[in-house]
Amino acid sequence: MKTLKINKETTKNILNDLLKRSPNNYDSYAGQVQGILDDVKEKGDEALFGYTLKFDGCALSSDTVQVTKEEIAAAYEKVDDSLVGIIRKALVNIREYHEKQKQYSWFDSKPDGTILGQKVTPLSSVGVYVPGGKAAYPSSVLMNIVPAKVAGVEKIVMVTPPDKNGEVTPATLVAANEAGATHIYKVGGAQAIAALAYGTESIEKVDKIVGPGNIYVALAKKAVYGHVSIDSIAGPSEILVLADETANPRFVAADLLSQAEHDELASAILVTTSPELAGKVEKEIEGFLQTLSRAEIIRKSLDNFGYILLADTLEEAIDITNNIASEHLEIVTANPFEVMTKIRNAGAIFLGSYSSEPLGDYFAGPNHVLPTNGTAKFFSPLGVDDFIKKSSIIYYSREALQPIHNDIEAFADAEHLTAHGNSIAVRFEEEDR
């Protein structure tokens, strides 16, 4: 990890360095991705199955592309009962948290005959992308499906790549079934995104696509936006720990490494007012690296995008924290709740020594699909709002429209839109003669 003193120059350099990890910087792959999308759009299942054979080594047909009830039952036999129990416990927390996000239609009526309101409607269908193979994360299955289910989405389609034998990771299937997926298909990559966006003979088009994936999946989601809605273009994982001299250095080190192990592009940053803590954290990291299974990946991650940033004051530490706008932010200070009130930009905020980031990944309830690459400055975590749409409701009686119709006509005239004004005027033309 690089240890730096915070100033304007180091802040600028760090922000530029972190932005290099954005999927928007990998446009060299865009042509290949677009070719796959166009092919599936034109040829449907033929192209979808062809790319699945090419990239996953699995021969599929319209009869085998969808996961059956028997395959789901077989997955339960392969997953330890204790893990199934943990998934169910986590589901309760995730569902209860997202239930509190629900919005409802509302109407406001006035004595003059005006009724204004908002109609909240769930999306009809959603596609959830789930990585396969070594990157199998049943926790992400829960986080993507549960808010859609709570919102009232009727059709939740999950896609995930198969292995060469046409099988899907058992834990992924169990999590999908427990969370409430209505359809599961054995396809992955850009070709799966194309199937969800355009539809094929076997897979119907959906209204929105959510879920994480590799660079091909990220660029495919970016390319189909407009044909369907998407959640976001997710970048590599990141964590920032804001700590003072009261923090436990062993805890801080462990939490930094929890994100650095994701991949070589993951970012782990400690911002602290205590040089003594910084030194102790570095020693703890070295100790952990002697025993952790993904030590090589962690080292590369820390070498590439790991920082220890030293601040003179807590206010300076908070300023750079807001500038970085990390996906995960841990606040481990003498008064973390007070510091939290000054945080404007973060995907998820963890307070105190015992609220480590993996608590949010797996169990607490808030969604772990979070904005990355500084987008926490204007994006929010995935939630129920992502799976609904809102329609405005407007009703005016003649009595309500009459006293304001001249104002509306004058407004339309100012914009030289005479048909707009006429649409109002015709309702009062006899009265105005």
Look at Lys221 together with Asp231 and state whether they make a salt bridge at an N to O cut-off of under 4.0 Å. yes
Got Ile6 and Thr11 here, is their nearest side-chain heavy-atom distance under 4.5 Å? yes
I'd like to know if the side chain of Ser267 and the backbone of Phe305 have a donor-acceptor N/O pair within less than 3.5 Å. yes
Are Ile36 and Phe55 packed together at the side-chain level, in the sense that at least one heavy-atom pair is separated by less than 4.5 angstrom? yes
Closest heavy-atom pair and its distance - Glu282, Met1: OE2-O, 4.2 Å
Determine whether a donor-acceptor pair (N or O, by modelled atom type, separation under 3.5 Å) exists between the side chain of Arg294 and the backbone of His262. yes
Tyr76 and Glu178: side chain donor to acceptor below 3.5 Å: yes
Shortest non-hydrogen pair, Ala364 vs Asn93, comes out as O-CB, 3.5 Å
Measure the spacing between CD1 of Ile94 and CG of Leu142 and express it to the nearest 0.5 Å. 4.5 Å
Going by atom types only, do Asp17 and Tyr307 share a side-chain donor-acceptor pair under 3.5 Å? yes
Asp56 side chain to Cys58 main-chain N or O, any donor-acceptor pair under 3.5 Å? no
Should His405 and Arg427 count as side-chain neighbours, where that means a heavy-atom distance under 4.5 Å? no
Would a 4.5 Å heavy-atom cut-off, applied to side chains only, mark Leu289 and Arg299 as touching? yes
If only side-chain N and O atoms count, and only distance matters, is there a donor-acceptor pair under 3.5 Å linking Gln103 with Asp385? yes
Of the non-hydrogen atoms in Ile388 and Ala151, which two are nearest, and what is the gap between them? CG2-CB, 3.9 Å
Taken to the nearest 0.5 Å, the spacing of Leu302 CG from Glu261 CD works out to 11.0 Å
Over all atoms of both residues, closest heavy-atom pair of Gly383 and Pro147: C-CB, 3.8 Å
With a 4.5 Å heavy-atom cut-off, do Val157 and Val128 have their side chains touching? no
Side chains of Leu270 and Leu309 in contact at under 4.5 Å (non-hydrogen atoms): no
Is the shortest heavy-atom distance from the side chain of Val339 to the side chain of Pro336 under 4.5 Å? no
Any carboxylate oxygen within less than 4.0 angstrom of a Lys/Arg side-chain nitrogen, looking at Glu296 and Lys300? yes
Spell out, as yes or no, whether a donor-acceptor pair under 3.5 Å connects the side chain of Thr52 to the backbone of Leu48. yes
To the nearest 0.5 Å, atom CE of Met340 lies from atom CG of Leu329 at 10.5 Å
Check residues 372-379 and write down every donor-acceptor pair under 3.5 Å in which the side-chain atom is one partner and the other belongs to a residue at least two apart or another chain.
from   : atom 1 : to     : atom 2 : distance (Å)
Thr372 : OG1    : Gly235 : N      : 2.8
Asn373 : ND2    : Leu18  : O      : 3.4
Thr375 : OG1    : Thr372 : N      : 3.1
Thr375 : OG1    : Thr372 : O      : 2.6
Lys377 : NZ     : Asn323 : O      : 3.0

Any side-chain heavy-atom pair from Phe387 and Val210 closer than 4.5 angstrom? yes
Ser109 and side-chain contact (heavy atoms from CB on, under 4.5 Å): which single residue from Ile115, Leu116, Thr114 fits? Ile115
Regarding Asn7 and Thr10, is there a side-chain donor-to-acceptor distance under 3.5 Å anywhere? yes
Does a side-chain N-to-carboxylate-O contact under 4.0 Å join Asp386 and Lys208? yes
Using modelled atom types and a 3.5 Å cut-off, is there a donor and acceptor pairing between side-chain atoms of Glu330 and backbone atoms of Glu357? yes
Side-chain donor/acceptor of Asn367 to backbone N/O of Met143, under 3.5 Å: yes
Which class fits the ring pair His328 and Phe350: parallel under 30°, tilted 30 to 60°, perpendicular over 60°? tilted
Measure centre to centre between the rings of Tyr354 and Phe251, then say whether the value is under 6.0 Å. yes
Whether Ser301 side chain and Ile297 backbone form a donor-acceptor pair below 3.5 Å: no
Side-chain H-bond candidate by donor/acceptor type, Asn144 with Tyr129, under 3.5 Å: no
Specify the closest pair of heavy atoms between Ser202 and Asp45, including all atoms of both residues, with the distance to one decimal. OG-OD2, 2.6 Å
Assess whether atom NZ of Lys54 is packed by more than 12 heavy atoms of other residues, nucleotides or ligands within 6.0 Å. no
State whether the side chain of Asn165 and the backbone N or O of Glu167 hold a donor-acceptor pair below 3.5 Å, judged by distance alone. no
Using only atom types and a distance under 3.5 Å, with no angle test, would you say the side chain of Thr182 pairs donor to acceptor with the backbone of Ile156? yes
For Ile239 and Asp255, the nearest pair of non-hydrogen atoms, with its separation, is CD1-O, 3.4 Å
Spell out, as yes or no, whether a donor-acceptor pair under 3.5 Å connects the side chain of Ser105 to the backbone of Val120. yes
Run the side chain to side chain donor-acceptor pair (under 3.5 Å) test on Thr121 and Lys119 for me, step by step, so that the C-alpha distance in whole Å, both residues' side-chain angles and the decisive distance to 0.1 Å come before the verdict. CA-CA 6 Å; Thr121 308; Lys119 185 175 185 293; 3.3 Å; yes
Is the closest basic N to carboxylate O distance between Lys186 and Glu71 below 4.0 Å? yes
